[in-house]
Number of protein chains: 2
Amino acid sequence: MRPLFHPAIEDIQPEAILYALSDPERAAIFAWLAGAGCGGTCSALADLGDRTIPKSSLSNHFKVLRESGLIRSERQGVEMRNQTRCAELDERFPGLIKAILTAYGQLPEQWKVD
Amino acid sequence: MRPLFHPAIEDIQPEAILYALSDPERAAIFAWLAGAGCGGTCSALADLGDRTIPKSSLSNHFKVLRESGLIRSERQGVEMRNQTRCAELDERFPGLIKAILTAYGQLPEQWKVD
DNA sequence: TTCCGTAGTTCAGAAATTCGGAACTGTTGA
DNA sequence: TCAACAGTTCCGAATTTCTGAACTACGGAA
């Protein structure tokens with residue numbers, strides 16, 4: 001398995017973010033991670049919503065999220081812990097992530113401080 | 001030519017917006033329309049940036065923007081006038097459009113009132 | 001009217017992308 | 001050493017995107 005690629009914060013492209021989150025399934029995964037706080041794993045998502053997502057698709061979703069700069073993934077023993085890069089992202093693209101999650105109606109509770 | 005479809009404001013889906021604007025060329029067209037104020041035409045864009053965009057591609061870009069709910073197109077004589085639906089959109093998805101244009105570094109001057 | 005030019009749309013096939021099952025890799029625990 | 005589990009990679013099928021060419025729509029000139 002090749003090492004995981006994470007773009008530097010300054011290399012993150014807005015089009016990559018929008019593309020990654022233009023898939024509702026990916027957006028839901030991201031929102032779930034954003035709400036979960038601690039690193040969510042891939043298999044914890046076997047069935048997000050009502051459908052069972054094949055694990056190759058799931059793996060690919062995480063890859064897209066990771067390579068667009070939305071999440072950071074780190075192997076921890078046998079599983080892969082994923083966490084959002086929200087703080088960095090909000091600095092680089094102010095208000096973007098929050099506006100997107102809000103648009104999807106998936107803004108995590110703890111973000112609603114305003 | 002079939003009549004142009006425009007979604008009602010309440011039918012606009014966030015994923016469609018993100019998808020439409022995840023193409024930098026389309027995002028640039030949208031930003032240009034947002035800045036232009038009055039209705040921009042298709043052919044005024046023959047070469048946005050450095051590349052000449054084929055008109056069938058351009059037509060398709062406008063279609064995607066229109067059907068996602070980002071713009072409204074109206075035939076005016078021989079040409080097609082396009083304008084953004086920013087006011088409506090900002091009510092439905094607060095801050096979204098502004099955050100996206102800002103992320104692309106394409107926020108029109110007149111929006112920078114804050 | 002008819003014809004011409006301009007603006008934009010539709011069509012169709014080639015190219016690129018996405019999806020997901022099957023096989024594989026890496027890690028842990030027995 | 002082996003089995004089980006988490007996740008990745010591979011690869012072919014299905015879908016989507018791209019764009020040149022043909023087409024439609026409108027307006028103006030004769």
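Letters go in sequence order (proteins before strands), and every chain restarts at 1.
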For the base of D/dG7, is there a side-chain donor-acceptor partner from A/Ser59 under 3.5 Å away?
no
Would you mind reading off the distance between [X] atom [atom1] and [N] atom [atom2], rounded to a whole angstrom?
{"X": "B/Phe62", "N": "C/dG8", "atom1": "CZ", "atom2": "P", "answer": "8 Å"}
{"X": "B/Glu79", "N": "C/dT9", "atom1": "CD", "atom2": "C1'", "answer": "15 Å"}
{"X": "A/Arg81", "N": "C/dG26", "atom1": "CZ", "atom2": "P", "answer": "21 Å"}

With 3.5 Å as the limit, what N/O pairs link the protein to nucleotides 15-17 of chain D?
| residue | atom | partner | partner atom | Å |
| --- | --- | --- | --- | --- |
| D/dT17 | OP1 | B/Tyr19 | OH | 2.0 |

For a quick test of your reading: what N or O donor-acceptor pairs under 3.5 Å do the side chains of residues 87-95 of chain B make, sequence neighbours left out?
| residue | atom | partner | partner atom | Å |
| --- | --- | --- | --- | --- |
| B/Glu88 | OE1 | B/Arg85 | NH2 | 3.1 |
| B/Glu88 | OE2 | B/Arg72 | NH2 | 3.3 |
| B/Glu88 | OE2 | B/Arg85 | NE | 3.0 |
| B/Asp90 | OD1 | B/Gly95 | N | 3.0 |
| B/Arg92 | NE | B/Ile9 | O | 2.8 |
| B/Arg92 | NE | B/Ile12 | O | 3.4 |
| B/Arg92 | NH2 | B/Glu10 | O | 3.3 |
| B/Arg92 | NH2 | B/Ile12 | O | 2.7 |

Qualifying residues under salt bridge (Lys or Arg N to Asp or Glu O under 4.0 Å), relative to A/Glu79, sequence neighbours excluded
A/Arg81
Taking the nucleotide of DNA chain D with the closest heavy atom to each, which residue, B/Ser57 or A/Ser57, is nearer the 5' end?
A/Ser57
Looking at the side chain of [X], which of [options] is the nearest nucleotide?
{"X": "A/Pro54", "options": "C/dG20, D/dA25, D/dT8", "answer": "C/dG20"}
{"X": "B/Val78", "options": "D/dA25, D/dT8, C/dG26", "answer": "D/dA25"}
{"X": "A/Ser56", "options": "C/dA22, C/dG8, D/dG20", "answer": "C/dA22"}

Taking C-beta and beyond as the side chain, do A/Trp111 and A/Thr102 meet within less than 4.5 Å on heavy atoms?
no
Non-neighbouring partners of [X] that pass side-chain contact (heavy atoms from CB on, under 4.5 Å), sequence neighbours left out:
{"X": "A/Ser73", "value": "A/Leu4, A/His6, A/Arg66, A/Ile71, A/Met80, A/Asn82"}
{"X": "A/Ser57", "value": "A/Ile53, A/Pro54"}
{"X": "B/Ala20", "value": "B/Arg26, B/Val64, B/Leu65, B/Ser68, B/Leu70"}

